[in-house]
Protein chains: 2
Amino acid sequence: MKKYTIKDIAQLAGVSKGTVDRVLHKRGKVSEIALEKVTKILNEIEYKPNPIAKNLKINKIYKLAVILPDAQKDSYWEPCSGAIKEVENEFQHFGIEINKFVFDASETSSFLETSLNVITTKPDAILMVPLFQKEAKEIVTKCNINNIKVSVFNNYIDSNYSNNFIGQDLYQSGRVAAKLMDMVLKKGTIGIVHIDEDYQNATHLQEKEKGFRSYFNSLNTLDYDITTIHLNYKKSESFNNSLLSFLDKNPNINGIFVTISKSYVVVEALKERASDIAIVGYDLVKKNIDYLKQGEIDFLIHQKPKQQVYMGLSYLAEYFLFDKEIPSQLLLPLDIVTSENVDGYLM
Amino acid sequence: MKKYTIKDIAQLAGVSKGTVDRVLHKRGKVSEIALEKVTKILNEIEYKPNPIAKNLKINKIYKLAVILPDAQKDSYWEPCSGAIKEVENEFQHFGIEINKFVFDASETSSFLETSLNVITTKPDAILMVPLFQKEAKEIVTKCNINNIKVSVFNNYIDSNYSNNFIGQDLYQSGRVAAKLMDMVLKKGTIGIVHIDEDYQNATHLQEKEKGFRSYFNSLNTLDYDITTIHLNYKKSESFNNSLLSFLDKNPNINGIFVTISKSYVVVEALKERASDIAIVGYDLVKKNIDYLKQGEIDFLIHQKPKQQVYMGLSYLAEYFLFDKEIPSQLLLPLDIVTSENVDGYLM
DNA sequence: TTGTAGGCGTTATCAG
DNA sequence: CTGATAACGCCTACAA
């Protein structure tokens with residue numbers, strides 16, 4: 001199981017290294033007879049180019065760009081910066097450069113503007129959150145024209161558009177939430193709380209709700225009653241009022257499933273009255289963690305934004321450097337987080 | 001933020017590349033004055049050697065050996081083979097060769113024999129499961145003498161002996177189990193079932209029990225009653241009898257915490273009588289998964305043997321190839337697995 | 001169409 | 001003690 005080099009092949013085929021290289025890369029300008037000799041050898045042995053040597057010479061710096069919502073406005077995105085730094089560190093010797101660009105997730109125009117701006121920096125690849133489907137598709141099309149590779153994470157986009165999605169199965173994550181609720185409650189009335197911030201794509205939350213309901217439907221029981229409510233969160237006061245009036249209308253509710261990372265605002269609203277309501281939500285943002293540890297939140301499902309970025313960038317780097325294939329879809333496991341295992345997830 | 005090379009440093013210091021190399025590698029044979037000039041430059045800039053070039057030159061094949069229990073006898077170890085293949089694939093171009101060696105986990109002598117055998121193959125590093133502390137230490141000492149790097153996974157070993165442990169915080173994992181039990185039961189009588197197979201090191205299971213009990217102690221409540229039992233599993237018949245007689249003596253038990261991967265034998269024993277006992281256990285072995293999906297097991301904690309091997313080998317490979325530091329301890333998150341998220345963990 | 005020469009950054013060797 | 005030089009495997013350019 002010898003490791004063959006171009007030199008070896010050249011020797012075996014009785015030609016020069018240059019000719020072998022031309023055959024390997026199909027650059028043409030090779031006589032039939034030489035081509036035959038070389039391909040014969042190539043079929044006999046298993047040649048794999050040494051990716052290290054390739055890179056040493058090329059000496060090109062690959063530019064990767066990450067486009068994601070501003071973590072200042074939604075701390076869900078905060079851990080992503082860490083992932084960017086880690087990947088940058090890991091691959092900087094190999095000639096990988098990563099730049100981060102943020103947009104205001106409440107403004108479609110901000111996304112579009114930022115993305116167009118990124119394209120002008122001529123990166124080799126873009127890793128982005130396609131929060132706004134229509135605009136994202138526009139950007140992807142532009143990237144294709146400019147020969148920029150695109151990966152998306154966190155939010156799904158038409159497979160015609162992305163070569164590579166990294167995220168979670170949202171439907172299934174709804175089912176996980178349902179299962180947890182079931183384990184804790186055994187029976188009762190459950191409220192599904194969507195906290196829309198306009199910008200969030202509706203499909204995102206709907207998938208979770210569908211999964212959640214499908215679990216209880218498949219139980220085939222009358223033990224549960226499920227109601228959905230859409231709320232807005234602009235000011236805490238009006239939010240609290242809306243939520244509490246929802247609870248007044250549904251006084252038996254003993255479980256709430258919060259479909260985005262804002263479980264903590266529900267906890268804070270509930271503080272205004274004594275209650276023993278189980279809460280299942282999403283994401284390890286600071287306030288959620290605090291309430292989880294205090295026992296106010298029962299379970300959180302971890303959407304792992306950091307790992308998503310880490311994986312997405314690693315794939316791109318290894319694609320450029322080592323010709324690795326990028327899987328078209330990577331669904332990360334749905335981690336269930338409680339007060340007792342949360343620390344292990346905060347790296 | 002320029003990338004400096006040895007050539008650059010040589011130029012800046014007004015010496016030759018050779019001298020810089022000698023300073024960098026502390027080979028001596030450098031005049032005080034040259035040493036000073038070079039170190040001065042080195043302090044001013046941030047030089048990081050290019051691992052690619054180094055590897056290209058060295059062109060050595062690094063041999064890694066993995067020593068672990070036979071998966072034929074305990075399927076817990078099955079996924080490890082997959083990890084070995086993956087890492088091998090990923091790094092084979094870079095000159096990494098991995099060999100797997102298994103031992104019979106029920107025989108101390110088998111471990112010792114296998115390990116000694118491995119040492120004669122002169123690997124550059126060994127990744128092993130130090131199931132038997134005393135013998136493992138002996139092996140580590142031998143490795144040190146032979147300049148073989150050692151990493152351990154799954155089971156902890158004295159930090160004097162290993163440079164590198166990959167596994168989980170067992171105490172905390174006991175607490176996680178307790179938390180889950182608490183969520184499901186609210187109150188009641190709980191049995192902790194240790195299924196010793198002699199070979200398993202007692203400390204392993206004791207840590208889990210300690211964590212489990214500590215959680216309930218910190219609740220400061222009288223709602224729970226906890227009893228421990230040690231069982232042997234040689235034949236299912238005698239095991240079932242022992243377990244059932246334990247239940248007869250403790251008729252109120254409504255939760256069982258199984259501290260190793262054999263939850264399924266408990267499920268099978270319980271089948272002999274109608275019962276509604278919550279079960280929390282460990283590990284995604286085939287039968288456990290089946291019972292989890294059928295609702296016979298409530299929660300499993302995933303000890304991730306595959307990831308442990310994957311991480312352990314990756315670290316070693318990157319240590320040799322790219323001079324990466326190996327963290328002295330990597331504690332993997334404690335994944336909570338239910339019927340709804342189990343598929344995501346079976347890669 | 002082909003072969004050869006040179007260079008990427010590092011290391012090892014050898015002559016000075 | 002030091003500096004020049006060759007080599008690792010691949011790719012590009014240029015000369016034949």
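In the text below, chain A, chain B and the rest are named by the order of the sequence lines, each starting its count at 1. Here the structure is a predicted model, which is why all the values come from computation and not from measurement. Basis for what follows: all heavy atoms, side chains included, without hydrogens, waters or symmetry-related copies.
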> So, B/F103 versus B/F111, ring centres under 6.0 angstrom or not?
Replying inline: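 For B/F103 and B/F111, the ring centres are under 6.0 Å apart.
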> Is any side-chain N or O of A/Y47 closer than 4.0 Å to OP1 or OP2 of D/dG9?
Replying inline: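 Answer is no, no contact under 4.0 Å.
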> B/T5 side chain N/O closer than 4.0 Å to the phosphate oxygens (OP1, OP2) of C/dG9?
Replying inline: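 False: B/T5 side-chain N/O out of range (4.0 Å or more) of C/dG9 OP1/OP2.
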> So is B/K134 actually on top of B/F132's ring, under 6.0 Å and inside 45° of the axis?
Replying inline: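 Ring-cation test returns no.
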Find the distance [X]:[atom1] to [N]:[atom2] and express it as a whole number of Å.
{"X": "A/K54", "N": "D/dT12", "atom1": "NZ", "atom2": "P", "value": "10 Å"}
{"X": "A/K48", "N": "D/dC10", "atom1": "NZ", "atom2": "P", "value": "14 Å"}
{"X": "B/K17", "N": "D/dA4", "atom1": "NZ", "atom2": "C1'", "value": "9 Å"}
{"X": "B/D8", "N": "C/dG9", "atom1": "CG", "atom2": "P", "value": "8 Å"}
{"X": "A/K60", "N": "D/dC11", "atom1": "NZ", "atom2": "C1'", "value": "16 Å"}
{"X": "A/K7", "N": "D/dA7", "atom1": "NZ", "atom2": "C1'", "value": "9 Å"}
{"X": "A/F94", "N": "D/dC10", "atom1": "CZ", "atom2": "P", "value": "16 Å"}
{"X": "B/L35", "N": "D/dC1", "atom1": "CG", "atom2": "C1'", "value": "12 Å"}

> Going by heavy atoms in the side chains, are B/I52 and A/F94 under 4.5 Å from each other?
Replying inline: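 They are in contact (side-chain heavy atoms under 4.5 Å apart), so the answer is yes.
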> Between A/R27 and B/S31, which has a closest nucleotide on DNA chain D that is more 5'?
Replying inline: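 Closest to the 5' end, via its nearest nucleotide, is B/S31.
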>> Quick check on DNA chain D: between B/K57 and B/K29, whose nearest nucleotide comes earlier from the 5' end?
In response: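 With B/K57 and B/K29 compared, the 5'-side residue is B/K29.
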> Which sits closer to the 5' end of DNA chain C, B/D21 or A/V30, going by the nucleotide each is nearest to?
Replying inline: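 Residue closer to the 5' terminus by nearest nucleotide: A/V30.
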Which one, [options], comes nearest to the side chain of [X]?
{"X": "A/R22", "options": "C/dT10, D/dG9, D/dA13", "value": "D/dA13"}
{"X": "A/H25", "options": "D/dC11, C/dG9, D/dG3", "value": "D/dC11"}
{"X": "B/L56", "options": "D/dG3, D/dT5, D/dC8", "value": "D/dC8"}
{"X": "A/T19", "options": "C/dT10, D/dG9, C/dT2", "value": "C/dT2"}

>> Please classify the nucleic acid contact of B/A10 as base, sugar-phosphate, or nothing, using heavy-atom distances under 4.0 Å.
In response: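 Nothing: the residue B/A10, judged by heavy atoms under 4.0 Å, touches no strand.
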> For B/I96 and B/L321, what are the C-alpha separation, side-chain angles and deciding distance, and is it a side-chain contact (heavy atoms from CB on, under 4.5 Å)?
Replying inline: CA-CA 9 Å; B/I96 296 284; B/L321 296 173; 3.9 Å; yes
> According to the interplanar angle, ranging from 0 to 90°, do the rings of A/H302 and A/Y345 count as parallel (below 30°), tilted (30 to 60°) or perpendicular (above 60°)?
Replying inline: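 Taking A/Y345 first and then A/H302, their aromatic rings stand perpendicular (interplane angle over 60°).
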